[in-house]
Amino acid sequence: MNLQAWLPYEAAMRAYHRGQHDATIVVYDDYERDEAPLSYFFREPEQFPPLELTALEHCRGRVLDVGAGSGCHSLALQQRGLSVTAIEISSGLVDILRQRGVRDAREATWMDLNPDEPFDTVFMMMNGLGLAETLAGLDRFFEQARRLVRPDGQILADSTDVRVRMDPEAGRTGTLRRPDGRYIGELHFQLEFEGQKGPPFGQLYVDPETLHRKASAGGWGYEMLLEPDEYGHYLVRLMP
């Protein structure tokens, strides 16, 4: 994971946390330029969409919150009495987590964690599987992530089938490939805050059928918890 690519996100998060509550971050991808209010990343449980509420209900045991952001999910899980480890890739984001009350916040990627301390639940919301960047990266994730999860544990993750709304022509034809040969959900992103633009980075959005096939090939069980909505957004449980 390229830390430089995420520096505008860190700067925006720090600005909001310091009181700049009208802060927005600009997100560029293969389809559009979008301005996202930072308030969304600091939302309270009553503002969680149904998919996130369903994911929280399925959490159990020791939980790893991957890419915890402001800690909104970690704090909700703590309030439910669960033990939560929240990880982020920069010290600035970890400071925010700790200041907001997350008890165990660490500067780490999922690959840095001790395999001798596996988790009951690995929680990967807001397109957490995007960290794989490509389908080949998703194969590597399934190979390596097993060490983080207890044999009877689970990964809870959401993703989006971009053919539903982002690429309706691909949805009409059912194609999974772009003209340049890339998988349809292998996107390029770039973040900008107050004129600071980071380098491009990859993000993977994977359709349910491809995710099911990749999980099965990697020796993981697959359960659809919420079917794709009108935007193609869905929730799954993955079991080693």
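Leu64 and Met124 fall within a single hydrophobic cluster, where Ile, Leu, Val, Met, Phe, Trp and Tyr side chains are chained together by heavy-atom contacts under 4.5 Å. By the criterion of side-chain heavy atoms lying less than 4.5 angstrom apart, applied directly or through intervening Ile, Leu, Val, Met, Phe, Trp or Tyr residues, Phe123 is not grouped with Met239; the two fall into different hydrophobic clusters. One hydrophobic cluster holds both Leu138 and Met224 under the rule that ILVMFWY side chains link at heavy-atom gaps under 4.5 Å. Follow the hydrophobic side-chain contacts under 4.5 Å out from Leu131 and you reach Phe41 in the same cluster. Note: the hydrophobic cluster containing Tyr183 also contains Phe189 (ILVMFWY, side chain heavy atoms under 4.5 Å, direct or indirect links).
For the residue pair Arg60 and Thr121, the shortest heavy atom distance occurs at O-OG1, 2.8 Å. The shortest heavy-atom contact between Asp30 and His188 is OD1-N, 2.8 Å. Of all non-hydrogen atoms in Pro228 and Pro208, the two that sit nearest each other are CG-CG, 3.8 Å. Shown here for Ala5 and Pro8, the closest heavy-atom pair between the two residues is O-CD, 3.6 Å. Here the closest heavy-atom approach between residue Leu97 and residue Ala105 is recorded as CB-CB, 3.7 Å. Smallest separation of non-hydrogen atoms from Met125 and Leu51: SD-CD2, 3.9 Å.
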| query | For His17 and Ser70, what are the C-alpha separation, side-chain angles and deciding distance, and is it a side chain to side chain contact (heavy atoms under 4.5 Å, CB included)? | reply | CA-CA 9 Å; His17 184 59; Ser70 72; over 6 Å; no
Notebook entry, point to check: Leu156 and Leu225: side chain to side chain contact (heavy atoms under 4.5 Å, CB included), yes or no, with the steps?
Noted result: CA-CA 9 Å; Leu156 299 174; Leu225 296 180; 3.9 Å; yes
* With side chain to side chain contact (heavy atoms under 4.5 Å, CB included) as the test, would you mind laying out the steps for Phe119 and Val149 before giving the verdict? => CA-CA 5 Å; Phe119 293 86; Val149 188; over 6 Å; no
- Message: Applying side chain to side chain contact (heavy atoms under 4.5 Å, CB included) to Leu75 and Val102, what does each step give before you reach the verdict?
- Response: CA-CA 6 Å; Leu75 292 170; Val102 176; 3.9 Å; yes
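Remark: side-chain polar atoms of Arg62 are paired, donor with acceptor, to backbone N or O of Pro118 under 3.5 angstrom. Looking only at distances, no side-chain donor or acceptor of Thr160 sits under 3.5 Å from a matching main-chain atom of Val162. With hydrogens and angles ignored, the 3.5 Å screen pairs no side-chain donor or acceptor of Arg14 with any backbone N or O of Ala11. A donor-acceptor pair under 3.5 Å links the side-chain atoms of Arg146 to the main chain of Gly218, judged by distance alone. Checking side-chain atoms of Gln78 against main-chain N and O of Arg103 turns up a donor-acceptor pair under 3.5 Å.
Using a 4.5 Å heavy-atom threshold, the side chains of Met111 and Arg147 count as touching. Side-chain contact between Thr210 and Arg213 is present, with heavy atoms from C-beta onward closer than 4.5 Å. Two residues are said to be in side-chain contact when any heavy atoms from C-beta on lie closer than 4.5 Å; Ser159 and Asn127 meet this criterion. Side-chain atoms of Glu52 and Gln47, non-hydrogen and from C-beta on, never get closer than 4.5 Å to each other.
Looking at Val63, Asp104, Val66, Asp65 one by one, the single match for side-chain contact (heavy atoms from CB on, under 4.5 Å) with Thr85 turns out to be Asp104.
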Result block: side-chain N/O donor-acceptor pairs under 3.5 angstrom for residues 191-206, not counting sequence neighbours:
unit_1	atom_1	unit_2	atom_2	d
Glu192	OE1	Tyr28	OH	2.6
Glu194	OE2	Gln20	NE2	3.0
Gln203	NE2	Gly130	O	3.3

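Take Asp112 and apply the side-chain contact (heavy atoms from CB on, under 4.5 Å) test, not counting sequence neighbours, and it matches Ala108, Thr109.
With rounding to the nearest 0.5 angstrom, the CG atom of Leu3 is 8.0 Å from the CD atom of Glu107. One finds the CG atom of Asp207 at 4.5 Å from the CZ atom of Arg163 (value rounded to the nearest 0.5 Å).
Residue pairs meeting the side-chain hydrogen bond (donor to acceptor under 3.5 Å, both in side chains) criterion with at least one partner in residues 230-240, sequence neighbours excluded, are Gln154-Arg237, Asp158-His233, Glu223-Arg237.
Trp220 and Phe142 have tilted rings, their planes meeting at an angle from 30° to 60° on a 0 to 90° scale. The aromatic rings of Phe48 and His73 sit tilted, their planes meeting at an angle between 30° and 60°.
By the 4.0 Å N-to-carboxylate-O rule, Arg182 lies close enough to Asp180 to be salt-bridged with it. In summary, Arg140 and Glu143 do not engage in a salt bridge, as defined by a charged side-chain N under 4.0 Å from a carboxylate O.
Aromatic rings from Tyr16 and Phe42 are positioned such that their centres are separated by under 6.0 Å.
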